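Quick caveat, the model's predicted, so the values are computed rather than measured. Each residue takes its place number in the sequence, starting with 1.
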Amino acid sequence: MDDGAVDPPTGPIDKVADLGRDIGAYIRQQRNTAKISLRQLSKLAGVSNPYLSQIERGVRKPSAEILQQIAKGLRISAEALYVQAGILDVPAGGPVPDAVRADTALSERQKQVLLDIYESFRRENRAAEPAENDNDPDFSKE
């Protein structure tokens, strides 16, 4: 049933509020996955229990420094929290990195380790490409 109400336009302030809620929900999800209580994470991160609770509920938007402390307490990469908070852009994707990041069965730490290994293999292969192409008679040098 349409009551004629129109959703208010979303502006920059609304987007910042959404980011606060998003990062809070993400932190809560990571904390629950790690089976850490709010109080335990508070101690591990060196952030007060009430402040951490406000972050998780989206009432407060944490600074980069606080996110780094929370990441350390959760044993995940600070980069993952920075991306969630909108501080960093989403890292370059591709089918493999995107699949790893989307896998909910992996912890953030496991995802980061897999991505680091994958990228090291790609770097190694890129470094070996010129040597392989030198031996390829179909490779034309200009």
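Nearest approach of Gly73 to Leu44, heavy atoms of both residues: O-CD1, 3.6 Å. Shown here for Ala78 and Ala71, the closest heavy-atom pair between the two residues is CA-CB, 3.6 Å. Nearest heavy-atom pair across Gln84 and Asp22 is NE2-O, 4.3 Å. Between Gln54 and Arg60, the closest heavy-atom pair is OE1-NE, 3.0 Å. Residues Ala85 and Ile23 approach most closely at N-CD1, 3.9 Å, considering heavy atoms.
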- Task: Take Ile27 and Leu41 through the side chain to side chain contact (heavy atoms under 4.5 Å, CB included) test and state the conclusion after the steps.
- Result: CA-CA 10 Å; Ile27 290 169; Leu41 179 56; 4.2 Å; yes

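Criterion: ILVMFWY side-chain heavy atoms under 4.5 Å apart, direct or through other members. Under it, Tyr82 and Val100 are not part of a common hydrophobic cluster. Hydrophobic clustering (ILVMFWY, side-chain heavy atoms < 4.5 Å, transitive): Leu106 and Ile36 are in distinct clusters. No path of Ile, Leu, Val, Met, Phe, Trp and Tyr side chains, each step under 4.5 Å between heavy atoms, connects Leu115 with Leu81, placing them in separate hydrophobic clusters.
Between atom CZ of residue Arg31 and atom CG of residue Leu74 there is a gap of 8.5 Å, rounded to the nearest 0.5 Å. Taking OG from Ser120 and CZ from Arg123, the interatomic distance works out to 6.0 Å, rounded to the nearest 0.5 Å. With rounding to the nearest 0.5 angstrom, the CD atom of Gln69 is 10.5 Å from the CG atom of Leu52.
Side-chain atoms of Ser42 do not come within 3.5 Å of backbone N or O of Leu38 as any donor-acceptor pair. A side-chain donor-acceptor contact under 3.5 Å links Lys111 to the backbone of Asp103.
A donor-acceptor pair shorter than 3.5 Å can be found between the side chains of Glu108 and Tyr26. Judged purely by distance below 3.5 Å, without hydrogens or angles, the side chains of Gln112 and Asp116 pair a donor atom with an acceptor atom.
Atom CD of Gln68 sits in a sparse spot, with 12 or fewer heavy atoms from other residues, nucleotides or ligands closer than 6.0 Å. Other residues, nucleotides and ligands contribute at most 12 non-hydrogen atoms within 6.0 Å of the CZ atom of Arg109.
Partners of Ser37 under the side chain to side chain donor-acceptor pair (under 3.5 Å) rule, at least two apart in sequence or in another chain, are Gln40.
Counting heavy atoms from C-beta on, the side chains of Ile55 and Ile70 come closer than 4.5 Å.
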